[in-house]
Amino acid sequence: METPKPDNTAEEKDIDKRTGAGAVPVPNFIRSIIAEDMKSGKHDGRLMTRFPPEPNGYLHIGHAKSICLNFGLASEFGGLCNFRFDDTNPSKEEVEYVESILEDVHWLGFDWGDRLYYASDYFGRLYDYAVQLIKIGKAYVCDLSADEIREYRGTLTEPGRESPYRSRSAKENLELFERMRAGEFEDGSRVLRAKIDMASGNINMRDPVMYRIKKDTHHRTGDTWCIYPMYDFAHGLSDSIERITHSICTMEYEDHRPLYNWFLDELKVYHPQQIEFARLNLSRTVLSKRKLLKLVNERHVAGWDDPRMPTLAGMRRRGYTPAAIRNFCERIGVGKKESLVDMALLEYCVREELNKSAPRVMGVLRPLKVVIDNYPEDKEEYIEAINNPEDPGAGARKVPFSRVLYIERDDFMEDPPKQFFRLAPGREVRLRYAYFIKCEGVVKDEKGEVAELHCTYDPATRGGDAPDGRKVKATLHWVSAPHSIEAEVRLYDSLFVKEDPDDTEEGKDFTDYLNPKSLEALMSCHIEPSLKHAKPGDRYQFERMGYFCADSADSSPGRPVFNRTVTLKDEWAKLQKAGKK
RNA sequence: UGGGGAGUCGUCCAACGGCAGGACGACAGACUCUGGAUCUGUUUAUAGGGGUUCGAAUCCUCUCUCCCCAGCCA
């Protein structure tokens, strides 16, 4: 006999497998572009992508889409994907974020080899590029204040005005820029701007800021620099330095592409192609670092890795597997239109995988005591139970049975409606793998609540089949009361009650749509004794209840804590819900 | 009212001038020692108007709707 082996090997065995079992690559426009470029030999048959997160928050499922795209496409076409931190703003970035991001991408199953880069590694070269632009008259130091720059920029419908500092000589600009770098000026007193077109319909082209003064300590370069490049200047050149072929980013950067191209063209350097796709939106959650940070800071959740969070850290703790997430990212496809993907698809993906891999186990979440009156008081026996009917290799285990059991409260109704198949007075059901039992009596407490059930069992049905061929309509999970161990089980529901919490009504904030019932902690569940050895991160199916994962933070050997990853599909719950309407 | 982008089943994605297809969801049935899984079936879509064409989701044109952009954020 084998004890059920938890599904804790997903992390290792999944590495380098791009998609989960059954995943078929879906055609998308980026894949087509790359396929054509590879065929035409556009970059000498080379493919180089990059994943460029800013270390100012934790990665979420939306980032997973980008990670899967960049790393996935690279491996699919025999190319490489660089890992690059876009760390050009010291006031927002922290090493804590760097570390979590590295861990999350690795956990998702991708490998960047020795190609871990930082935009801050390029600060020296970026400075030289800026000097070059000054020399050819394409950049200037501007003394306008932030407010003045905004004012000079014009509006969406009116052109901007040229800065009075726009015509400084290259010599003067060079000298001023050097002094900016030397720390001679206060934060915000001067910036370096590209000299493009203040009348452009594209506001990004109205002499955008390239460098600003920030006397902040950078998480990697410390106090070496007091001027920092802006995204538009740093990003394209970092791509160029790394000889990226396809720079894949989200739609909001589409307006920035002319500027991306401008810097590269003016400097006459290697020119990657920027391609934009629509970011992921998921129903009943939010996917913006700003909003997630707010949930954390305002204690609406317990932290970045709260199992209700759509962060990779939260989903990992919740019990999601890397393959399920990758499979999800493949199934949602890639397009350019804004969309809201139904959470049901994510749940489908994780059930699909866990159904095949998670060992089955019995756990009673809301216990109801059952006494088998005709079962000897001092007797105990061990009954064989299959570990995973979907996986013959998973073997079987022995589960203790005795006179006093717990079953799920929801599996008994004193006065059941017609559609209810489970236990009721006078009715016979099967205890999974064990015996048929029949309810003979109901004991109530002083409040009139059902406190315990008295049943009889049929010894001839041991194992779960009746020799006389009689049938029962339901099979219940159970645990032996004296043998079971107590556990805490945390049931999660969606974080928000609104399909799209970003779609806020007048005067409301997305936090107004938080689901007050997103977490329900059940403190005295009874689970079968084989779970005594469950380790943090181990995943199981509690039969008939759902998939559960031993919590990595709060579980201890004496007191296991399980997180419900996702429920099983539940016909009965659906009927009940329909009946209430 | 400036610039950019997008409109295909309830949802997401295909179809790139030639039978609008898949997945999820929903609904119905089969099977079942998990009301799970599995299997089968059903359902519903080209934003609108003109045009080109033997033939248009696809090309042209006008209109409508939605999203993004006025950080010294990325």
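Proteins get letters first, then strands, A, B, ... in listed order; numbering begins at 1 in each. None of the values given here were measured: they were computed from a predicted structure.
- In the set B:rC72, B:rC12, B:rC68, the nucleotide with an atom closest to the side chain of A:Met230 is B:rC72.
- Using a 4.0 Å heavy-atom cutoff across all strands shown, A:Tyr228 reaches no nucleic acid atom at all.
- Within the nucleic acid shown, A:Arg150 comes within 4.0 Å of sugar-phosphate atoms alone, with no base atom in reach, counting heavy atoms only.
- Contact annotation: A:Arg212 side-chain N/O to B:rA74 OP1/OP2 distance is under 4.0 Å.
- Mapping A:Phe29 and A:Gly464 onto RNA chain B by nearest heavy atom places A:Phe29 closer to the 5' end of the strand.
- Base contact: A:Leu575 has a heavy atom under 4.0 Å from a base atom.
- When each of B:rG36, B:rC24, B:rU8 is scored by its nearest atom to the side-chain atoms of A:Lys337, the top-ranked nucleotide is B:rU8.
- Within 4.0 Å (heavy atoms only), A:His256 reaches at least one base atom of the nucleic acid.
- Taking atom C1' on both nucleotides, B:rG21 is separated from B:rC9 by 11 Å, rounded to a whole Å.
- The gap from the C1' atom of B:rC39 to that of B:rG50 amounts to 49 Å, rounded to the nearest Å.
- A:Gln541 contributes a side-chain N or O that forms a donor-acceptor pair with the base of B:rU34 under 3.5 Å.
- Taking the C1' atom of each, B:rG10 and B:rA26 are spaced 8 Å apart, rounded to whole Å.
- With a cut-off of 3.5 Å on both pairing distances, B:rA37 has no Watson-Crick or G-U wobble partner at all.
- Counting only heavy atoms from C-beta on, A:Glu543 has its side chain closest to B:rU34 among B:rU34, B:rA70, B:rC72.
- With hydrogens and angles ignored, no donor-acceptor pair closer than 3.5 Å exists between the side chain of A:Tyr348 and the base of B:rA23.
- Only the P atoms considered, B:rA6 is 30 Å distant from B:rC73, to the nearest whole Å.
- Taking atom CG of A:Asp255 as the reference point, atom P of B:rA70 lies 9 Å away to the nearest angstrom.
- Between the side chains of A:Arg430 and A:Thr475, at least one donor N or O lies within less than 3.5 Å of an accepting N or O.
- Using a 4.0 Å heavy-atom cutoff across all strands shown, A:Arg153 reaches sugar-phosphate atoms only and no base atom.
- Look at B:rC24: its Watson-Crick or wobble partner, with both distances under 3.5 angstrom, is B:rG10.
- Comparing the C1' positions of B:rC54 and B:rC13 gives an interatomic distance of 31 Å, to the nearest angstrom.
- For A:Asp342, the listed nucleotide lying nearest its side chain is B:rU11; candidates were B:rG36, B:rU11, B:rC73.
- Aromatic pair A:Tyr211/A:Phe177: ring centres closer than 6.0 Å.
- The nucleotide B:rG71 finds no pairing partner, because no Watson-Crick or G-U wobble arrangement with both distances shorter than 3.5 Å includes it.
- Distance from the side chain of A:Tyr231 is smallest for B:rA74 among the nucleotides B:rG35, B:rA23, B:rA74.
- Note: A:Phe562 and A:Phe548 fail the aromatic proximity criterion, with ring centroids not under 6.0 Å apart.
- With both pairing distances under 3.5 Å, B:rC66 is matched to B:rG5 as a Watson-Crick or G-U wobble pair.
- The phosphate of B:rU32 has neither OP1 nor OP2 within less than 4.0 Å of any side-chain N or O from A:Lys471.
- Taking side-chain N and O atoms only, A:Arg544 has a distance below 4.0 Å to OP1 or OP2 of B:rG35.
- In this structure, A:Phe420 reaches the bases: a heavy-atom distance under 4.0 Å links it to at least one base atom across the strands shown.
- Taking atom CG of residue A:Asn204 and atom P of nucleotide B:rC69, one finds them 10 Å apart after rounding to whole Å.
- In this structure, B:rU53 makes no Watson-Crick or G-U wobble pair, since no nucleotide meets both defining distances under 3.5 angstrom.
- At the heavy-atom level, A:Pro159 lies nowhere under 4.0 Å from the strands shown.
- Taking atom C1' in both B:rU8 and B:rA15, one finds a spacing of 10 Å when rounded to whole Å.
- At the heavy-atom level, A:Gly333 lies under 4.0 Å from the strands shown only through sugar-phosphate atoms.
- Of the candidate nucleotides B:rG25, B:rC72, B:rG35, B:rG25 has the atom lying nearest to any side-chain atom of A:Lys569.
- Residue A:Asp465 is in base contact, counting any heavy-atom pair closer than 4.0 Å across all strands shown.
- Salt-bridge annotation for A:Glu384 and A:Arg397: absent, with no side-chain N of the basic residue lying under 4.0 Å from a carboxylate O of the acidic one.
- Each of B:rA26, B:rU34, B:rA74 was ranked by its minimum atom distance to the side chain of A:Arg432; first place goes to B:rU34.
- A ring-centre distance under 6.0 Å is not found for A:Phe401 and A:Tyr433.
- The residue A:Val472 sits apart from the nucleic acid: no heavy atom pair falls under 4.0 Å.
- The phosphate of B:rG3 (OP1 or OP2) has no side-chain N or O of A:Thr157 nearer than 4.0 angstrom.
- A residue-by-residue look at A:Glu338 and A:Leu156 shows that A:Leu156 has its nearest nucleotide of RNA chain B further toward the 5' end.
- Heavy atoms of A:Leu431 sit nowhere under 4.0 angstrom from any nucleic acid atom.
- If you check every strand for non-hydrogen atoms under 4.0 Å, A:Tyr211 touches nothing.
- A donor and an acceptor atom never sit less than 3.5 Å apart when one is taken from the side chain of A:Arg351 and the other from the base of B:rG36.
- Residue-to-nucleotide contacts include no donor-acceptor pair under 3.5 Å from the side chain of A:Asn202 to the base of B:rG4.
- Atom C1' of B:rC68 sits at a distance of 34 Å from the matching atom of B:rU52, rounded to the whole Å.
- Within the nucleic acid shown, A:Thr88 comes within 4.0 Å of sugar-phosphate atoms alone, with no base atom in reach, counting heavy atoms only.
- Under a cutoff of 6.0 Å and an axis angle of 45°, A:Lys438 and A:Tyr457 do not form a cation-pi pair.
- For the pair A:Arg181 and A:Tyr127, the cation sits on the ring face: its NZ or CZ lies under 6.0 Å from the ring centre, inside 45° of the axis.
- For A:Leu345 and B:rG22, the CG to C1' distance is 12 Å, given to the nearest whole Å.
- Between the C1' atoms of B:rG48 and B:rC16, the separation comes to 22 Å (whole Å).
- Residue contacts for A:Leu568: at a heavy-atom cut-off of 4.0 Å it reaches a base atom on one of the strands shown.
- When each of B:rA23, B:rG71, B:rG5 is scored by its nearest atom to the side-chain atoms of A:Met251, the top-ranked nucleotide is B:rG5.
- Taking 4.0 angstrom as the limit, A:Lys336 places none of its side-chain polar atoms (N or O) nearer than this to OP1 or OP2 of B:rG4.
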### Query
Taking it one step at a time, do A:Asp187 and A:Lys215 satisfy salt bridge (charged side-chain N to carboxylate O under 4.0 Å, His left out)?
CA-CA 7 Å; A:Asp187 283 17; A:Lys215 290 178 177 164; 5.0 Å; no
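- Of the listed nucleotides (B:rG36, B:rA14, B:rA70), B:rA14 has the atom at the smallest distance from the side chain of A:Asn28.
- With a cut-off of 3.5 Å on both Watson-Crick or G-U wobble distances, the partner of B:rU46 is given as none.
- Counted by atom type alone, A:Glu353 and A:Tyr547 present zero donor-acceptor pairs between their side chains at under 3.5 Å.
- In summary, the side chains of A:Glu390 and A:Asn388 do not present any donor paired with an acceptor at a separation below 3.5 Å, with no hydrogens or angles considered.
- Checked against B:rC13, B:rG35, B:rC68, the side chain of A:Arg422 finds its nearest nucleotide in B:rG35.
- Looking at A:Glu390, its side chain comes within 3.5 Å of the base of B:rG36 through a donor and an acceptor atom.
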